[in-house]
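For reference, the structure discussed in these notes is given below.
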Amino acid sequence: MEGKIRVRFAPSPTGPLHIGGVRTALYNYLFARQHGGSMILRIEDTDQTRFVPGAEEYIIEALTWLGIEFDEGVHVGGKYAPYRQSDRKPMYREYAGQLINGGWAYYAFDTPEDLEAKRKEYEQEKKTFQYDASTRDAMCNSLTLSVEEVQQRLNDGMPYVVRFKFPADTEIHVDDLIRGEVVVNSSLLDDKVLFKSDGMPTYHLANIVDDHTMEITHVIRGEEWLPSAPLHVLLYKAFGWEDTMPRFAHLPLLLKPDGNGKLSKRDGDRLGFPVFPLQWTDPATKEISSGYRENGYFPEAVINMLALLGWNPGTEQELFDMSQLIELFSLDRISKSGAKFDLKKAHWFNHEYLVAKSDEELAELFSKVLENKSISSGFTYVAKVCGLVKERVNFVSEIWDQASFFFIAPESYDEAVIKKRWKENTPAIMQDVKNILNGLADFSEEHIHDSLQAYSEEKGLGMGQVMIPLRIALVGGTFGPDLQVIANMLGKEEVIRRIDRILQTVK
RNA sequence: GGUCCGUUCAUCUAAGGGUUAGGAUUCAAGAUUUUCAUUCUUGCCAUAGGGGUUCGAAUCCCCUACGGACUACCA
C-alpha cells in the first residue's frame with residue numbers, strides 16, 4: 001500500500017462508548033497495526049448541546065482497558081494537534097468560506113421556525129420537504145437574496161448557516177472497501193448544513209477537513225454513515241482534495257440479540273448483558289449502566305468476541321490474542337450483514353480465557369472476592385481451590401458459588417438432596433465414618449479414600465451410601481470436586497466438625 | 001413515504017459455479033465421573049420465496065418478501 005497508513009477513531013463525547021463503537025475502534029486499531037500505520041483518537045464534539053462531562057475520559061479509559069492504543073490523540077498529543085474539534089474551531093469557518101467562494105456552498109438565513117413551517121406545509125400534502133436544488137430557490141439564502149442583502153445580513157450579525165450546494169442530477173460514486181461501489185444520484189440528497197449558526201461546523205465539514213488535514217488514509221466507520229458518504233465524497237471534490245481522499249470502509253452494524261434493530265443502550269440491562277465496556281453512571285440521572293469490566297469479563301475475551309462479530313479469518317480458529325488478530329485481520333473478510341450479539345458465546349469466550357489463566361493469576365483475582373467477604377486464606381490454598389473449580393465457571397466471581405465450602409462450612413443443606421440421599425441408616429454410617437477419619441494419622445487423599453473403601457466393603461455398602469452423605473456434610477450439596485481432595489484440604493478437624501454438625505442438624 | 005445497504009442452522013459464521021452445505025456457541029442424548037461440573041462421542045437444526053443464465057447455482061442476473069440504516073443547525 002502506498003504511503004503510510006493513518007486511521008482514526010472519532011467518537012462524540014455524548015455518553016459512554018457503545019460496544020459497537022469499541023468494535024469500530026478495534027478494527028481501526030488492527031488495521032493500523034498490521035500496516036505499521038498510525039492510530040489516532042479524535043474527539044468530535046461539535047455539538048455543544050450533547051456534550052456529556054466525563055464521556056471523553058470514559059472513552060479513553062475503556063479503550064486503554066481493552067488494550068487499544070493510540071499513536072496520536074487528545075490524550076497523547078501528536079503533530080497534528082489539536083485532536084478535539086472544539087479546539088480546532090477557528091479553522092472551520094475558513095474552509096466553509098472556501099466552499100462558498102468556489103460556488104459549492106451558500107449562506108442560508110432560514111430560521112428553524114421557517115424550516116419547521118415548510119416541513120409541515122409539505123407534510124399536509126403528503127410530501128417530504130427537502131432543502132435541495134428543487135426547493136432552495138424558494139428559500140431565504142444567498143442564492144435568492146441579492147449580494148447587498150446578503151452582505152447586509154452578515155454585517156448585522158444575523159444568524160446564518162452554510163449549506164452545501166448539491167449539484168442537480170449527477171451520479172456520485174462511493175468506492176467502499178467492504179461493499180464495493182455504491183452509486184447515488186445527487187438529487188436525492190439534501191443541501192446539508194456544513195456550518196451551524198452557533199459558529200461550529202457540523203460533523204460533515206469538520207470530519208472532512210480533519211481527515212484531510214490529519215492525512216487520514218482510511219476511514220473505517222459504522223454503516224450508519226454510508227448514506228452520507230456521497231456528501232463526503234463530493235466535499236473532497238469541492239475542496240480539490242480528490243487525490244488524497246481516504247478509502248472508505250463501512251462496517252456492518254451490531255444488532256440486538258432478540259428481535260431486530262441496532263443495539264442500543266437500553267438493550268443491555270434489559271437482556272442481561274452489558275452494551276458498554278465499563279460501568280457508567282449518567283451524570284444527570286445517576287442511572288447506572290453495567291460494563292463488561294465490572295461484570296467480570298476479561299479484556300482479552302471482549303476483544304476476541306468483538307473481533308469475531310463481523311469478521312473471521314477464514315479458518316476454524318476462534319481464539320486469538322491481540323497480536324494474532326493484528327496479523328490476520330483484513331478488511332475484505334468483514335461480513336456485509338449485521339451481527340447479533342450472542343450472550344452465551346460471550347460467556348464461552350470468557351470461560352476459555354479464564355481456564356487458560358494460571359491458578360495463581362486466578363487466585364490473585366479471586367482474593368479480592370474473598371476480601372469483600374472478609375475471608376482471609378493462604379494464597380497457595382486459594383490458588384489450589386481456583387485450579388480445582390476453574391473448569392466449571394465462566395467468571396471469577398462464580399468461583400465463590402462453586403467453592404465457598406473451602407472457606408466456610410455449609411450453612412444449610414440442599415433439601416432435595418437430603419430427602420433423596422439421607423436414608424435411615426445414614427446417621428449410623430456417618431458416625432462410623434467420623435470415627436474412621438478421626439482415627440487416621442495420615443489424612444492424605446489416599447488414606448481417606450482407602451479407609452472409606454475398606455469400610456464400605458466390610459459393611460457391604462455401596463460407596464455411594466458412604467460418600468454422598470459425607471459430601472453433603474462437607475459441601476452442603478451434591479456438587480464440587482473430588483471428595484478426597486476436599487476432605488484433605490479442609491483438614492481432619494474441620495471435617496469432623498462438619499460431620500458432627502450435619503448429624504445434629506439432619507435427623 | 002423515499003434512498004441506500006443487507007438476507008446460509010436459534011446465534012456467530014465457512015464454502016469466492018461442481019462438497020453428504022463445514023466449524024463454533026446454544027440445546028438434546030449417550031459415555032465417563034460413586035456427586036455436580038469438566039471431558040469425550042453423537043444428534044437436532046440453514047442456503048427467505050419465485051424466476052432466469054448454466055451441463056451444473058448458496059455462489060451470477062432479475063423480481064418479490066423481510067430486516068436494517070439514513071432521511072436534524074446529532075454525530
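Below, read A as the first sequence line, B as the second, and so on, with proteins coming before strands; counting in each chain starts at 1. Just so you know, these numbers use all the heavy atoms, side chains as well, and skip hydrogens, waters and symmetry mates. Keep in mind that what you see is a predicted model, and the values were worked out from it rather than measured.
- Stacking of A/Lys192 on the aromatic ring of A/Tyr131 is not recorded, the 6.0 Å distance cut-off and the 45° axial limit not both being met.
- The side chain of A/Glu318 sits closest to B/G23 out of B/C73, B/G23, B/A75.
- Using modelled atom types and a 3.5 Å distance limit, the side chains of A/Arg136 and A/Thr144 yield no donor-acceptor pair.
- Base pairing analysis places B/A57 opposite nothing; no Watson-Crick or G-U wobble pair with both distances below 3.5 Å involves it.
- A/Tyr160 and A/Asn141 form no side-chain donor-acceptor contact under 3.5 Å, judged by distance and modelled atom types alone.
- As rounded to whole Å, 13 Å separates atom P of B/G2 from atom NZ of A/Lys126.
- Nucleotide B/U32: unpaired (no Watson-Crick or G-U wobble partner with both distances less than 3.5 Å).
- In this structure, A/Ser12 does not reach the B/C74 phosphate: none of its side-chain N or O atoms is under 4.0 Å from OP1 or OP2.
- Counting to the nearest Å, the P atom of B/C70 and the CH2 atom of A/Trp225 are 9 Å from each other.
- Rounded to whole Å, atom P of B/C74 lies 13 Å from atom CD of A/Gln85.
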Would you mind writing out the side-chain donor-acceptor pairs for residues 479-489 of chain A within the sub-3.5 Å range, not counting sequence neighbours?
residue: A/Asp482; atom: OD1; partner: A/Gln484; partner atom: N; Å: 3.1
residue: A/Asp482; atom: OD1; partner: A/Gln484; partner atom: NE2; Å: 2.9
residue: A/Asp482; atom: OD1; partner: A/Val485; partner atom: N; Å: 3.4
residue: A/Asn488; atom: ND2; partner: A/Phe443; partner atom: O; Å: 3.1

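- Summarising the base pairing, B/G67 is matched to B/C5 through a Watson-Crick or G-U wobble pair whose two defining distances lie under 3.5 Å.
- Remark: A/Lys390 is not in phosphate contact with B/U38, judged by side-chain N or O atoms under 4.0 Å from OP1 or OP2.
- Both tests pass for A/Arg153 against the ring of A/Phe109: distance under 6.0 Å to the centre and angle within 45° of the axis.
- Atom P of nucleotide B/G23 and atom CD of A/Gln317 are separated by 17 Å, given to the nearest angstrom.
- A/Glu316 has its CD atom 16 Å from the P atom of B/U13, to the nearest Å.
- The phosphate of B/C36 has neither OP1 nor OP2 within less than 4.0 Å of any side-chain N or O from A/Arg471.
- The phosphate of B/U13 (OP1 or OP2) has no side-chain N or O of A/Asn312 nearer than 4.0 angstrom.
- Taking atom C1' on both nucleotides, B/U47 is separated from B/C60 by 15 Å, rounded to a whole Å.
- Minimum atom distance to the side chain of A/Arg392 is reached by B/A37, of the listed B/U25, B/A37, B/C4.
- Closest to the side chain of A/Ser335, from the set B/U25, B/U13, B/C70, is B/U13.
- Note on A/Lys192: every side-chain N or O is 4.0 Å or more away from OP1 and OP2 of B/C74.
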